[in-house]
Undergrad: 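Please see the structure below; I have some questions.
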Amino acid sequence: MDSTVQLQWITRQHPFYPAELALRYIVLRAPLKMPRGSEVYAFEEETWHCVAHINNEVVGCVLLHPQNTNKSGKLLQMAVHPDHQGRGIGAQLVRGLEAHALNNNITSIVMNAREVAFPFYEKLGYVFASDFFEEVGIPHRTMTKQLRHDP
Ligand SMILES: CC(C)(COP(=O)(O)OP(=O)(O)OC[C@H]1O[C@@H](n2cnc3c(N)ncnc32)[C@H](O)[C@@H]1OP(=O)(O)O)[C@@H](O)C(=O)NCCC(=O)NCCS
């Protein structure tokens, strides 16, 4: 793991937010030939944003969108800059998201995972909860993780 990486939860007003959006576009949308702006959700404001930065350079991010029902949160926009992949930053972001979820009384995580990322999420304890379906033009499956069983 890169010891200089710091995680920070930010709002849309934070100076890191434009860099977070740029990273989301570069990593998750440009390779699919999607237009700039396609990385922005209608529900940005109701979503929690975590960035990983090294000396104030944003190198990774992940979002958590509370689902309002059954104490579940949706993981979205998991991205690590290609120059920094394979150093544990993605895993650090997911663990940070899980801790943040539990602190906010969210006890399970759900996501629509891209096929290329299945092994990454499986290593972090996520299990499949659907068959394949298409989203943004590529194969996905829903994956989930129970963080804590409610009494
Ligand atoms: C998927 C992604 C977030 C992983 O982040 P990362 O920082 O590179 O991953 P880490 O270094 O934290 O990897 C954690 C573990 O998962 C493994 N892993 C990561 N990506 C993997 C992959 N694509 N295939 C197989 N194993 C993978 C690593 O080898 C590591 O294993 P280890 O604990 O045994 O050493 C990153 O590669 C990325 O942004 N990819 C492009 C965007 C994307 O696909 N996002 C997911 C959308 S659902």
Side-chain angles (χ1 to χ4, degrees), residues 5-53 57-82 84-148:
V5 176
Q6 291 192 301
L7 298 194
Q8 192 165 343
W9 290 90
I10 65 166
T11 65
R12 287 203 306 167
Q13 287 70 44
H14 194 280
F16 283 161
Y17 181 64
E20 179 207 302
L21 278 182
L23 181 75
R24 287 161 56 181
Y25 176 70
I26 290 165
V27 177
L28 295 163
R29 294 293 183 257
L32 302 178
K33 310 254 184 290
M34 293 174 71
R36 188 76 210 245
S38 60
E39 75 281 13
V40 181
Y41 291 122
F43 49 85
E44 289 283 312
E45 195 67 59
E46 300 92 59
T47 304
W48 296 324
H49 301 245
C50 186
V51 297
H53 65 95
E57 181 197 353
V58 173
V59 296
C61 68
V62 70
L63 309 186
L64 179 63
H65 188 230
Q67 298 295 283
N68 296 329
T69 53
N70 63 18
K71 296 187 177 180
S72 165
K74 189 166 187 179
L75 181 156
L76 297 153
Q77 300 279 288
M78 172 76 251
V80 175
H81 190 281
H84 297 274
Q85 290 175 7
R87 298 184 194 174
I89 296 173
Q92 203 179 335
L93 278 160
V94 173
R95 290 197 192 96
L97 175 142
E98 291 171 356
H100 193 71
L102 283 172
N103 285 339
N104 288 279
N105 209 26
I106 288 173
T107 54
S108 68
I109 304 296
V110 63
M111 83 183 83
N112 294 340
R114 296 180 181 197
E115 189 171 16
V116 68
F118 290 169
F120 167 71
Y121 292 121
E122 284 186 293
K123 283 194 167 175
L124 289 162
Y126 287 78
V127 296
F128 294 110
S130 81
D131 208 338
F132 280 94
F133 58 91
E134 195 177 292
E135 198 175 81
V136 291
I138 55 172
H140 283 72
R141 290 177 76 179
T142 301
M143 297 183 85
T144 63
K145 183 173 177 178
Q146 191 72 40
L147 302 179
R148 190 179 63 207

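Residue numbers start at 1 and run along the sequence shown. This one's a predicted model, so the numbers in the text were calculated from it and none came from an experiment.
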Undergrad: Can a donor-acceptor pair be found, under 3.5 Å and without considering hydrogens, that links the side chain of Arg29 to the backbone of Ser38?
TA: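 Yes: the side chain of Arg29 pairs with the backbone of Ser38.
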Undergrad: Rounded at 0.5 Å granularity, tell me how far CG in Leu75 sits from CG in Leu97.
TA: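 Rounded to the nearest 0.5 Å, the CG-CG separation comes out at 5.0 Å.
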Undergrad: Quick one: list whatever passes side chain to side chain contact (heavy atoms under 4.5 Å, CB included) with His81, sequence neighbours left out.
TA: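 His81 satisfies side chain to side chain contact (heavy atoms under 4.5 Å, CB included) with Leu23, Asp83, His84 only.
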Undergrad: For residues 57-80, which residue pairs qualify under ring-ring contact (aromatic ring centres under 6.0 Å, His included), counting only residues two or more places apart or in two chains?
TA: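 For residues 57-80: Phe43-His65.
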Undergrad: Looking at Trp9 and Gly96, what are the two nearest heavy atoms and their distance?
TA: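 Heavy atoms of Trp9 and Gly96 come nearest at CZ2-O, 3.9 Å.
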Undergrad: Tell me, please, which residues at least two apart from Tyr25 pass side chain to side chain donor-acceptor pair (under 3.5 Å).
TA: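 Tyr25 satisfies side chain to side chain donor-acceptor pair (under 3.5 Å) with no residue once adjacent residues are dropped.
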Undergrad: Side chains of Ile106 and Pro66: does their closest heavy-atom pair fall under 4.5 Å?
TA: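 A side-chain contact exists here, since the closest heavy-atom pair is under 4.5 Å.
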Undergrad: Can you tell me how far the CD atom of Glu44 sits from the OG1 atom of Thr11, to the nearest 0.5 Å?
TA: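 If I round to the nearest 0.5 Å, the distance is 11.5 Å.
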Undergrad: Only pairs at least two apart or in different chains count here, so list each side-chain hydrogen bond (donor to acceptor under 3.5 Å, both in side chains) that has a residue in residues 114-129.
TA: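 Checked against side-chain hydrogen bond (donor to acceptor under 3.5 Å, both in side chains) - neighbours excluded - the pairs reaching residues 114-129 are Glu98-Tyr126.
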Undergrad: How far apart are the closest heavy atoms of Leu63 and His49, and which atoms are they?
TA: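 That would be CD2-ND1, 3.2 Å.
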Undergrad: If you look at every heavy atom in Ala101 and Ile109, which pair is closest and at what distance?
TA: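 Taking every non-hydrogen atom into account, CB-CD1, 3.9 Å.
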Undergrad: Quick one: list whatever passes side chain to side chain contact (heavy atoms under 4.5 Å, CB included) with Ser108, sequence neighbours left out.
TA: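 For Ser108, the residues satisfying side chain to side chain contact (heavy atoms under 4.5 Å, CB included) (neighbours in sequence not counted) are Ser72, Gln146.
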Undergrad: Can you tell me how far the CZ atom of Phe16 sits from the CG atom of Leu21, to the nearest 0.5 Å?
TA: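 Nearest 0.5 Å value for the CZ-CG distance: 14.0 Å.
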Undergrad: Is there a side-chain contact between Val27 and Pro82, using heavy atoms and a 4.5 Å cut-off?
TA: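 Side chain of Val27 against side chain of Pro82, heavy atoms only: contact under 4.5 Å found.
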Undergrad: Identify the two heavy atoms, one from Met78 and one from Val62, that lie closest to each other, and give their separation to 0.1 Å.
TA: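 Minimum heavy-atom contact is SD-CG2, 3.9 Å.
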Undergrad: With side chains defined as the heavy atoms from C-beta onward, is the minimum distance between Leu76 and Tyr41 less than 4.5 Å?
TA: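 Touching, per the 4.5 Å side-chain cut-off.
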Undergrad: Of all residues at least two apart in sequence or in a different chain, which pass the side chain to side chain donor-acceptor pair (under 3.5 Å) check with Asn112?
TA: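 By the side chain to side chain donor-acceptor pair (under 3.5 Å) rule, Asn112 matches Glu135, Thr142.
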Undergrad: Looking at residues at least two apart in the chain, or sitting in another chain, which of them share a salt bridge (Lys or Arg N to Asp or Glu O under 4.0 Å) with Arg36?
TA: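 Applying salt bridge (Lys or Arg N to Asp or Glu O under 4.0 Å) to Arg36 gives Glu39.
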Undergrad: Looking at every non-hydrogen atom in both residues, tell me the closest pair between Asn105 and Arg148 and how far apart they are.
TA: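 Shortest heavy-atom separation between Asn105 and Arg148 comes out as OD1-NH2, 3.7 Å.
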Undergrad: Can you tell me how far apart CZ (Phe132) and CZ (Arg141) are? Round to the nearest 0.5 Å.
TA: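 So the gap between those two atoms works out to 5.5 Å.
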Undergrad: What pairs of residues pass the salt bridge (Lys or Arg N to Asp or Glu O under 4.0 Å) test when at least one of them lies in residues 10-20, not counting sequence neighbours?
TA: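 Only Arg12-Glu45, Glu20-Arg24 qualify under salt bridge (Lys or Arg N to Asp or Glu O under 4.0 Å).
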Undergrad: Using side-chain contact (heavy atoms from CB on, under 4.5 Å), reason through Cys50 and Leu64 one step at a time and then give a plain yes or no.
TA: CA-CA 8 Å; Cys50 186; Leu64 179 63; over 6 Å; no
Undergrad: So, taking the atom named CD in Gln6 and the one named NE2 in His53, what distance separates them when rounded to the nearest 0.5 Å?
TA: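 If I round to the nearest 0.5 Å, the distance is 4.5 Å.
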Undergrad: Answer yes or no: is there a side-chain heavy-atom contact under 4.5 Å between Leu28 and Met34?
TA: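 Leu28 vs Met34: side chains apart.
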Undergrad: Measure the shortest side-chain to side-chain distance between Val127 and Thr144 over non-hydrogen atoms and say whether it is less than 4.5 angstrom.
TA: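 Val127 vs Thr144: side chains touch.
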Undergrad: If you take all heavy atoms of Gly90 and Phe120, which pair is closest and at what distance?
TA: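 Smallest heavy-atom distance, with atoms named: C-CZ, 3.5 Å.
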Undergrad: Residues in side chain to side chain donor-acceptor pair (under 3.5 Å) with His100, at least two apart?
TA: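 Checked His100 against side chain to side chain donor-acceptor pair (under 3.5 Å); zero matches.
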